[in-house]
Colleague: 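Let me begin by handing over the structure; questions about it come next.
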Amino acid sequence: MEDSEDHILLFNTLTRKKEPFVPIEKGKVKMYTCGPTVYDFAHIGNFRTFIFQDLLKRWLKYRGFNVTHVMNITDVDDKTIRNSRKKGVTLKQYTDYYMKAFFEDLKILNIERAEHYPRATDHIPEMVALIKQLMEKGYAYMGEDGSIYFDISKFKDYGKLSKLKIDELKPGVRVKVDEYGKEEVQDFALWKAWDEEDGDVYWETELGKGRPGWHVECSAMAMKYLGETIDIHSGGVDLIFPHHENEIAQSEAATGKPFARYWLHSEHLLVEGKRMSKSLGNFYTLRDLTAKGYDPMAIRFLLLSTHYRQQLNFTFDGLEAAGNAVSRLRNFVHRLLDANGRGCGKVIKQLMENFKKSFESAMDDDLNISVALAALFDFVRDVNKLLDEQALSRDEALDVYELMMRFNRVLGIMDEGIFKRELPKEAEELIRKREEARKVKDWKTADQIREQLRAMGIIIEDTPQGVKWRIERKTS
RNA sequence: GCCGGGGUGGCCGAGCGGUUUAGGCGGCUGCCUGCAGAGCAGCUGCACGUGGGUUCAACUCCCACCCCCGGCUCCA
């Protein structure tokens, strides 16, 4: 798409600066994002991050990049093992359930699928190979407990992402952790030797009987699917340390090459101004919200509408406001489809051009979504004015419609299905009957039919240009 | 202790040294309308945490202070 490729600026955690995005291979982006640990339903904080990543990917695609996205599924760790044992099911049965739920949630939130969703347990050999390599190169050692640890003192760049000085630990926490066999507190496990807590979850490998540490899966799988150096790696801010720091250490120690060029991290969300936690009772999964009747597109809009590096305060008032904002956009698109005015030529062309430019330059600037949305709503207001004046011809309105859909493919906040112009037969009949009633000023019947249609999810509007209808929700 | 982010009108949320208003949501009024809906227009009282300073000019820069959030431990 034109020469716009190097116009995108992204904030790189590695340098703490906005940098022009230039991929390794022209026109292609290799993107790895840290996915869920499938021990429970994902919560809205998780989805904030996943939606940010989705927006990033969609924007890169809009700008003409061919994006290969890999998102890992962590299906073996302390929590999955503990919970599956508690439930008396196998680890696989347990994680399959939550993985399936996760994919359902992605769909509901209109998050595009990644190209690959590698599961940790399907990649044990790759991880073992990586760990062996690290041992051969002297970066890893076996501890007294039979586990294998990464020796961070051997990796000179340790701390370059999180900007932490390893020798300046939080005072107080230091002493208590030598129940493991590691030589230094900060060393982290690559391979965990089996113990009773693990039950029947273990792999017999050249490294002994055990299971992989958490960080190693991302290095192994990212490199398997995307190569030794990837373009973009992203996750929530909490992953900067130690997870991403450790990924860098493992990967770069093994390959001697940079692991990822751009590290992008999204801020956390707060709920009603407080940190989300189960004990505070402000912990929500997607299901919790949809069960209360909230529109998934409103949820998506809310999670999307604050810049990703800004903490987002999730409130129910905000969710309602987001729902109304989405309605405004939907109504607008419906109006476009009904337009049949005299035409205004240059005026609309100019508006579209300005809108496109503002939206694009905002998004290019580290995904400045607030400014992009402001441009969108400005445009909507201006075009609504033209629609009021019957100044938009059918073709012009369709051009606007196409533009809206094009940007909706970036934002993903409207289900295009609702704009399909299909009315159930019975609804058509009802509308006809209502028109007859209105003709003879039988308002009672007319209002009653309108209510009936509303119950079917069809909203009727009487305008000087005749009756208009729109489908508010899927009636299926 | 060390290191970050932030405090903007009723709510959410951009912005930048100055000439016109970010934008969304909500409320009010008007237009339109049988009603409703949608939309448009106007309004929503000095908007920029506090106190100083720099400047012709600060919400935007500097200093101090207050408050909130986060990282240094599993965590999106």
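Order of the sequence lines fixes the chain letters, A, B, ..., with proteins taken first and strands second; residue numbering starts at 1 for each chain.
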Colleague: Compute the ring centroids of Y94(A) and Y39(A), then answer whether they are less than 6.0 Å apart.
Modeller: no
Colleague: Are H215(A) and H244(A) close enough that their ring centres sit under 6.0 Å apart?
Modeller: no
Colleague: Write down the distance separating the P atoms in A47(B) and C11(B), rounded off to the nearest Å.
Modeller: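 Straight-line distance between the two P atoms is 14 Å.
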Colleague: Roughly how far apart, to the nearest Å, are C12(B) and G7(B) at atom C1'?
Modeller: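 Comparing C1' positions in C12(B) and G7(B) gives a spacing of 14 Å.
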Colleague: Would you classify A374(A) as touching base, sugar-phosphate or nothing, given that sugar-phosphate means primed atoms plus P, OP1 and OP2, and contacts are heavy atoms under 4.0 Å?
Modeller: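 Here A374(A) touches the bases of the nucleic acid.
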Colleague: Answer with base, sugar-phosphate or nothing: what part of the nucleic acid does I460(A) contact at a heavy-atom distance below 4.0 Å?
Modeller: base
Colleague: Measure the distance from CE on M71(A) to P on A76(B) and round it to the nearest whole Å.
Modeller: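 For the pair M71(A) CE and A76(B) P, the rounded distance is 11 Å.
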Colleague: In whole angstrom, give me the gap between the C1' atoms of C43(B) and G6(B).
Modeller: 32 Å
Colleague: Could you spell out the base pairing of RNA chain B as a dot-bracket line? Use Watson-Crick and G-U wobble contacts where both distances are under 3.5 Å, [ ] for crossing pairs, | for partners on a different strand.
Modeller: (((((((..(((.....[....)))((((((.......))))))....(((((..]....))))))))))))....
Colleague: Are the ring centres of H233(A) and F259(A) closer than 6.0 Å?
Modeller: yes
Colleague: Would you indicate which nucleotide in C74(B), C69(B), A38(B) comes nearest to any side-chain atom of L270(A)?
Modeller: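 Minimum distance to the L270(A) side chain belongs to C69(B).
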Colleague: On a whole-Å scale, what distance lies between the C1' atoms belonging to G17(B) and C62(B)?
Modeller: 13 Å
Colleague: Reckon I240(A) touches a base, only the sugar-phosphate, or nothing at all at heavy-atom distances under 4.0 Å?
Modeller: nothing
Colleague: Is there any protein nitrogen or oxygen under 3.5 Å from a nitrogen or oxygen in nucleotides 7-18 of chain B, and what are the pairs?
Modeller:
unit_1 : atom_1 : unit_2  : atom_2 : d
A14(B) : O5'    : S370(A) : OG     : 3.4

Colleague: Could you tell me the separation between the CG atom of L329(A) and the CE atom of M414(A), rounded to the nearest 0.5 Å?
Modeller: 5.0 Å
Colleague: Which residue lies toward the 5' end of RNA chain B, D462(A) or M276(A), if each is placed at its nearest nucleotide?
Modeller: D462(A)
Colleague: With a 4.0 Å cut-off on heavy atoms, is K163(A) in touch with a base, just the backbone sugar-phosphate, or nothing at all?
Modeller: nothing
Colleague: Could you measure between the two C1' atoms, the one in G71(B) and the one in A57(B), and give it in whole Å?
Modeller: 39 Å
Colleague: Taking CZ from F41(A) and P from A76(B), how many angstroms apart are they, rounded to a whole number?
Modeller: 16 Å
Colleague: Given the ring of F11(A), does R309(A) sit roughly above its face, with NZ or CZ under 6.0 Å from the centre of the six-membered ring and within 45° of the axis?
Modeller: yes
Colleague: Go through G37(B), C40(B), G26(B) for me and flag the one nearest to the I459(A) side chain.
Modeller: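 Nearest to the side-chain atoms of I459(A), counting from C-beta on, is G37(B).
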Colleague: Under 3.5 Å, is there a donor-acceptor pair between the N384(A) and R335(A) side chains?
Modeller: yes
Colleague: When you measure from the centre of the six-membered ring of F316(A), is the NZ or CZ of K292(A) closer than 6.0 Å and no more than 45° off the axis?
Modeller: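 Here K292(A) passes the 6.0 Å and 45° test against F316(A).
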Colleague: Output the single nucleotide from U73(B), A76(B), G39(B) whose closest atom is nearest the side chain of F241(A).
Modeller: U73(B)
Colleague: Can you confirm whether the side chains of H334(A) and N331(A) place a donor and an acceptor under 3.5 Å from each other?
Modeller: no
Colleague: Provide the distance between the two C1' atoms, one in C3(B) and one in U55(B), to the nearest whole Å.
Modeller: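 It comes out at 33 Å once rounded to the nearest Å.
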Colleague: Using whole Å, report how far NE2 of H265(A) lies from P of C69(B).
Modeller: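 Those two atoms, NE2 and P, are 23 Å apart.
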Colleague: Is the distance from OP1 or OP2 of C40(B) to the nearest side-chain N or O of N384(A) less than 4.0 Å?
Modeller: yes
Colleague: Could you measure between the two C1' atoms, the one in A58(B) and the one in G18(B), and give it in whole Å?
Modeller: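 After rounding to an integer number of Å, I get 9 Å for this pair.
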Colleague: Consider only side-chain N and O atoms of N368(A) and H307(A), and report whether a donor and an acceptor are under 3.5 Å apart.
Modeller: no
Colleague: Closest-nucleotide mapping onto RNA chain B: is D378(A) or K385(A) further toward the 5' terminus? I mean the 5' end.
Modeller: D378(A)
Colleague: Determine whether a donor-acceptor pair (one donor, one acceptor, N or O, separation below 3.5 Å) exists between the side chain of R450(A) and the base of C35(B).
Modeller: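 Yes, a donor-acceptor pair under 3.5 Å.
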Colleague: On a whole-Å scale, what distance lies between the P atoms belonging to A64(B) and U20(B)?
Modeller: 36 Å
Colleague: Hey, would you say the Y401(A) and F332(A) ring centroids sit under 6.0 Å apart?
Modeller: no
Colleague: Counting only side-chain nitrogens and oxygens, does K165(A) get under 4.0 Å of the OP1 or OP2 atom of C72(B)?
Modeller: no
Colleague: Could you please name the option among C25(B), C40(B), A38(B) that lies closest to any side-chain atom of E461(A)?
Modeller: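 The answer is A38(B), which lies nearest to the side chain.
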Colleague: What do you reckon, are the aromatic ring centroids of F379(A) and F359(A) less than 6.0 Å apart?
Modeller: no
Colleague: Check for me: is F377(A) stacked on G24(B) by the 5.5 Å centroid and 30° plane-angle rule?
Modeller: no
Colleague: Rounded to whole angstrom units, what separation is found between the CG atom of D447(A) and the P atom of U33(B)?
Modeller: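 My rounded result for the distance is 17 Å.
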Colleague: Tell me what R309(A) touches on the nucleic acid: a base, only sugar-phosphate, or nothing, going by heavy atoms under 4.0 Å.
Modeller: nothing
Colleague: With distance as the sole criterion, do the side chain of N324(A) and the base of G24(B) form a donor-acceptor contact below 3.5 Å?
Modeller: no
Colleague: Would you please confirm or rule out a distance under 4.0 Å between OP1 or OP2 of G5(B) and any side-chain N or O of R16(A)?
Modeller: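 Checking R16(A) against G5(B): no side-chain N or O falls below 4.0 Å of OP1 or OP2.
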Colleague: Are any of R328(A)'s side-chain N or O atoms less than 4.0 Å away from OP1 or OP2 of C40(B)?
Modeller: yes
Colleague: Mind checking salt bridge (Lys or Arg N to Asp or Glu O under 4.0 Å) for D442(A) and listing every partner two or more places apart, or none if nothing turns up?
Modeller: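 Checked D442(A) against salt bridge (Lys or Arg N to Asp or Glu O under 4.0 Å); zero matches.
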